[in-house]
Amino acid sequence: MAMQMEACFAHLVERWTDEVVVTSAGNASEMWWKLTGETERVFYLEASMSLASLFAAGIAYGIPRANVWAFSGDGAFLMNPGMLTVERRLGLPNLTHFLLDNGVYGATFEIGMSDQGETDYAALARACGLRNVFRFATLGELSDGMDEVERVNGEAFVVLDVEPHGSALPDPPMDGPECKFRFGRHLERSYGVRIFDARV
């Protein structure tokens, strides 16, 4: 059993308040853009090469007042499962890492994954020492469980069992530099931090 991906994301968007969001390449970025159209509070890390959660961890570490959501696909995760050891070591209370488990590579036209859906990502996270690990396969579980996710002390790792989307999604209409500057300026304005040397 798995959730319909758009309904899953729509629920998270509904709960989204002031969290800074980092999305990885493929379906995560495309679906978040489709549902929000957000151009400043989200970093669409399109060429992520599995580094979305580590990028997000850097923001959470550098700006403790910022609550940060990171989204990775299962394909990205398998490129760099070592991200879990970094998250465990940092133990950031302001970082929530969502992993989309849909069994396909969303960035490459939903080609099936080599593990054929047999990897237990929640078990891997626990084996790496993460304490706050959740797995949701239905919208009811997600709705009920997100309150607990938001209450935990320390990093949270949340596996979302979702169906492949099955059709093309729109790309965020920004290139890397534009996304970087929009996002960085938002962090500067919101948290009083200095991201860029050049002033505008």
Side-chain angles (χ1 to χ4, degrees), residues 2-60 63 66-81 83-84 86-87 94-113 121 136 139 142 146 149 156-187 190 195:
M3 292 176 274
Q4 196 264 346
M5 183 181 176
E6 186 163 347
C8 172
F9 267 57
H11 181 80
L12 293 172
V13 167
E14 210 172 273
R15 296 186 71 109
W16 186 36
T17 55
D18 64 343
E19 293 86 3
V20 172
V21 175
V22 178
T23 61
S24 67
N27 289 165
S29 285
E30 295 159 356
M31 185 61 77
W32 200 265
W33 165 254
K34 177 185 177 183
L35 294 176
T36 69
E38 178 59 48
T39 62
E40 295 189 349
R41 292 190 296 151
V42 179
F43 196 96
Y44 300 99
L45 196 59
E46 283 290 277
S48 58
M49 298 301 289
S50 80
L51 296 177
S53 73
L54 296 182
F55 181 79
I59 297 168
I63 312 175
N67 292 313
V68 184
W69 284 1
F71 288 86
S72 299
D74 44 5
F77 177 88
L78 289 179
M79 295 174 69
N80 181 25
M83 67 180 74
L84 294 177
V86 176
E87 292 174 34
N94 56 333
L95 175 66
T96 301
H97 180 183
F98 296 96
L99 174 70
L100 306 178
D101 184 2
N102 63 5
V104 298
Y105 292 103
T108 53
F109 312 107
E110 299 195 340
I111 294 171
M113 302 250 313
Y121 300 104
F136 304 128
L139 283 175
L142 178 61
M146 277 300 294
V149 170
F157 182 78
V158 182
V159 179
L160 302 170
D161 290 329
V162 296
E163 296 286 347
H165 186 257
S167 61
L169 288 162
D171 289 323
M174 296 177 288
D175 62 12
E178 181 178 2
C179 185
K180 176 184 78 172
F181 281 105
R182 284 177 180 264
F183 183 74
R185 298 298 186 203
H186 167 72
L187 295 181
S190 300
I195 305 293

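All values reported here derive from a predicted model rather than from experimental measurement.
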Check against side-chain contact (heavy atoms from CB on, under 4.5 Å), Trp16 and Leu35: CA-CA 12 Å; Trp16 186 36; Leu35 294 176; over 6 Å; no

Any side-chain to backbone donor/acceptor pair from [X] onto [Y]? Under 3.5 Å, distance only.
| X | Y | value |
| --- | --- | --- |
| Glu19 | Thr17 | yes |
| Asn94 | Ala60 | yes |
| Asn102 | Val162 | no |
| Ser24 | Phe71 | yes |

Tell me the closest heavy-atom pair linking [X] and [Y], and the distance in Å.
| X | Y | answer |
| --- | --- | --- |
| Ser29 | Pro172 | O-CG, 4.1 Å |
| Met146 | Trp69 | CE-CZ2, 4.4 Å |
| Ala56 | Leu95 | CB-CD1, 4.0 Å |
| Thr36 | Trp32 | OG1-O, 2.7 Å |
| His97 | Ser72 | NE2-OG, 3.0 Å |

Evaluate the side-chain contact (heavy atoms from CB on, under 4.5 Å) criterion for residues Met174 and Phe183: first the C-alpha distance (whole Å), next the side-chain angles of each, then the deciding distance (0.1 Å), finally the verdict. CA-CA 11 Å; Met174 296 177 288; Phe183 183 74; over 6 Å; no

Please determine which of Val159, Asp161, Val149 meets the side-chain contact (heavy atoms from CB on, under 4.5 Å) test together with Phe136. Val149

Where do Phe77 and Asp101 land on the side-chain contact (heavy atoms from CB on, under 4.5 Å) test, with the steps shown first? CA-CA 10 Å; Phe77 177 88; Asp101 184 2; over 6 Å; no

Rounded to the nearest 0.5 Å, what separates atom OG1 in Thr23 from atom CH2 in Trp33? 11.5 Å

Within the structure provided, determine whether Ile59 and Phe43 are in side-chain contact (heavy-atom separation under 4.5 Å). no

Between Arg41 and Val20, is the side-chain contact (heavy atoms from CB on, under 4.5 Å) condition met? List the steps. CA-CA 6 Å; Arg41 292 190 296 151; Val20 172; over 6 Å; no

